[in-house]
Amino acid sequence: MVLTANSGCCVYCGRRSQTMDHVIPLARGGADDLSNLVPACHACNNSKNDKTPAEWWTARWLKGSWRGKGTPRKGGWSLGLEDVGLRELYLQSHEQTLAILDCIDDVLAEIGDETRASWFLWNLPFGYPDGFFSVDIYRGWSTSKIEQGESDGWPDSRPAHLRKK
């Protein structure tokens, strides 16, 4: 359910998701719960490590934009601005951080959708991919069924006796 959110893409970079990331790391008091999990690729998940998204993204943005010797990096992430100081780069990183946090909020809302969660519970017989069921095998078996469920609006698939009347 988590890996297919955000169209199956990493919430941080847009590549194909391969694992789940704890938005607020467990080491920092984050919950091991669907309300704290987003799809991520291995590279972003490993790079983020035990940082919050804001800490990680700001550091990543500045590292890609700032040479560290008093000048922005030409062709770096500084949106083509070559003669800006650290303050301008920080303001740009702040805007980018807010954008990534908005994306995380949207994906968490998708994962938290009760209709979607119920559909996954009643339609897919396997839990999280493990050593036997890799993410790729799981996707191969379930992609068309998930796409159909999404296009149908996540229909209620519970047995009749469990449906609300």
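Residues take their numbers from the sequence shown, with the count starting at 1.
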Regarding Arg60 and Glu55, does a basic nitrogen lie under 4.0 Å from an acidic carboxylate oxygen?
no

Determine whether Pro53 and Val23 make a side-chain contact, defined as any pair of heavy atoms from C-beta on separated by less than 4.5 Å.
yes

Between the side chain of Lys48 and the main-chain N/O of His22, is any donor-acceptor distance below 3.5 Å?
yes

Short question: side chain of Thr58, backbone of Ala54 - any donor-acceptor pair under 3.5 Å?
yes

Just verifying a value: how many Å separate Gln92 CD and Thr97 OG1, rounded to the nearest 0.5 Å?
11.5 Å

Output the distance between atom CG (Leu34) and atom CZ (Phe120), rounded to the nearest 0.5 Å.
11.0 Å

Are a donor atom and an acceptor atom from the side chains of Ser93 and Trp57 found within less than 3.5 Å of each other?
no

Counting only N and O atoms by type, is there a donor-acceptor contact under 3.5 Å from the side chain of Asp152 to the main-chain atoms of Trp154?
no

Determine the sole option in Cys10, Ser17, Cys9, Ser7 for which the side chain to side chain contact (heavy atoms under 4.5 Å, CB included) test with Pro39 is passed.
Ser17

Which residue in the set Val38, Val11, Leu108, Leu98 passes side chain to side chain contact (heavy atoms under 4.5 Å, CB included) when paired with Cys103?
Val11

Nearest atoms (heavy-atom pairs only) where Glu110 meets Thr4
OE2-O, 4.4 Å

Would you confirm whether Arg28, through its side chain, and Asp50, through its main-chain N or O, come within 3.5 Å as a donor-acceptor pair?
yes

Rounded to the nearest 0.5 Å, the CD1 atom of Ile146 sits from the CG atom of Leu3 at a distance of 9.5 Å

Full working for side chain to side chain donor-acceptor pair (under 3.5 Å) between Tyr12 and Asp21:
CA-CA 10 Å; Tyr12 304 114; Asp21 177 55; 2.5 Å; yes

Do the side chain of Arg116 and the main chain of Met1 share a donor and acceptor less than 3.5 angstrom apart?
yes

Test your reading of the model: is there a side-chain donor-acceptor pair from Asn45 to the backbone of Cys41, 3.5 Å cut-off?
no

Do Arg158 and Ser118 come within less than 4.5 Å of each other through their side chains, counting heavy atoms only?
yes

Distance check, rounded to the nearest 0.5 Å: Ile104 atom CD1 versus Ile24 atom CD1?
8.5 Å

4.5 Å side-chain heavy-atom contact, Trp122 and Leu162
yes

Between Asn6 and Gly8, is there a donor-acceptor pair closer than 3.5 Å when you use the side chain of the first and the backbone of the second?
no

Please check if the side chain of Asp33 supplies one atom and the backbone of Asn36 the other of a donor-acceptor pair under 3.5 Å.
no

Short side-chain to backbone donor-acceptor contact, Gln18 and Ala40, under 3.5 Å:
no

